[in-house]
Amino acid sequence: MLPTAYLLCFFLMPNLSFSQDPYLQKSNRSIREAAAQITAKYQPRLVMGVDQALQFQEKVAEFLIRKNAVLDTDFSPGKKQFYLERLSSQETSEMSDILERFRMEEYIRLKKEMQPLPLLSEAQPDSIPWEGNYH
C-alpha cells in the first residue's frame, strides 16, 4: 500500500520543483531523444527561442518519465488512463510558466494532435478512482 500511496502523491503533486528528485534525473537517452523530437514538432508552430525551447524540452522529458512510470504500474487500465489524463493536464499547466500567452494558446491547440494520450483498451469509466466528492 505504501508504494501505491507514494506513487499517487508523486504524480499528483502541485507545481513543485523536481530538479533535485533523483527519480526524475534518471532521464535516459530514449526519453531525451523523444523529448527532442516532440519539441522539434512544436518548434515550427511555436517559434521558440533557444533557451525557451530547451526549457520546453526539459519539461516534456520530465512528463515523459512520469507518464512512463504510470504505464509501468500495476494499476488497472482505467486508473492508468485517469492518471495519464491528470499528468497531461498538469504538463499543460506547467508549460504556461515557459510559454508566452500567444504561444501557450497555440500549444494547447496543437497538443491533442502532437501528443495524443494513449487510449488503454480496457479502460472503463467505472474504474476511474474518484477520491472524494468534487462538487
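Quick caveat, the model's predicted, so the values are computed rather than measured.
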| Would T92 and M104 count as a side chain to side chain contact (heavy atoms under 4.5 Å, CB included) if you check the C-alpha gap in whole Å, the side-chain angles of each, and the deciding distance to 0.1 Å? | CA-CA 9 Å; T92 300; M104 188 65 190; 3.8 Å; yes
| said: I'd like to check the salt bridge (Lys or Arg N to Asp or Glu O under 4.0 Å) partners of E100; sequence neighbours left out, ordered by chain and number. | reply: R103
| Gap separating the CG atom of N68 from the CD1 atom of I31, nearest 0.5 angstrom | 4.5 Å
| Pairing residues for R109 by the side chain to side chain contact (heavy atoms under 4.5 Å, CB included) criterion, not counting sequence neighbours | R45, E106
| said: Rounded to the nearest 0.5 Å, what separates atom CD in E62 from atom CG in L87? | reply: 9.5 Å
| request: Could you pull out all residues at least two apart from A35 that satisfy side chain to side chain contact (heavy atoms under 4.5 Å, CB included)? | output: Q57, V60, A61, L64
| message | Taking M48's backbone N and O only, do any of them form a donor-acceptor pair with Q43's side chain (distance below 3.5 Å, no angle check)? | response | yes
| query | Hey, does the side chain of Q81 reach the backbone of P118 with a donor-acceptor pair shorter than 3.5 angstrom? | reply | yes
| query | What heavy-atom pair brings Q52 and I98 nearest, and what distance separates the two atoms? | reply | NE2-O, 2.8 Å
| note | Connected to L54, directly or through other members, by ILVMFWY side-chain contacts below 4.5 Å are V50
| said: Distance check, rounded to the nearest 0.5 Å: Q55 atom CD versus L99 atom CG? | reply: 9.0 Å
| task | May I have the step-by-step check of side chain to side chain contact (heavy atoms under 4.5 Å, CB included) for M114 and I38, ending in yes or no? | result | CA-CA 8 Å; M114 294 194 180; I38 291 168; 6.0 Å; no
| remark: Note: L84 and L117 closest approach over all heavy atoms is O-CD2, 3.6 Å
| task | Check side-chain hydrogen bond (donor to acceptor under 3.5 Å, both in side chains) between K41 and all other residues, then give those that pass, not counting sequence neighbours. | result | none
| said: Going by side-chain hydrogen bond (donor to acceptor under 3.5 Å, both in side chains), name the residues that satisfy it together with S89, two or more places apart in sequence or in a different chain. | reply: none
| field | Set of salt bridge (Lys or Arg N to Asp or Glu O under 4.0 Å) partners for E91, sequence neighbours left out | value | K67, K111
| task | Could you tell me which non-hydrogen atom of S30 sits nearest to which non-hydrogen atom of N28, and how far apart they are? | result | OG-OD1, 2.8 Å
| said: Please enumerate all residues that pass ring pair (Phe, Tyr, Trp, His ring centres under 6.0 Å) together with F56, with sequence neighbours excluded. | reply: Y42, Y107
| query | When you measure from the side chain of K80 to the backbone N and O of L71, does any donor-acceptor pair fall under 3.5 Å? | reply | yes
| field | Which residues share a side-chain hydrogen bond (donor to acceptor under 3.5 Å, both in side chains) with Q37, sequence neighbours left out | value | none
| request: With sequence neighbours excluded, tell me which residues meet side chain to side chain contact (heavy atoms under 4.5 Å, CB included) with E58. | output: none
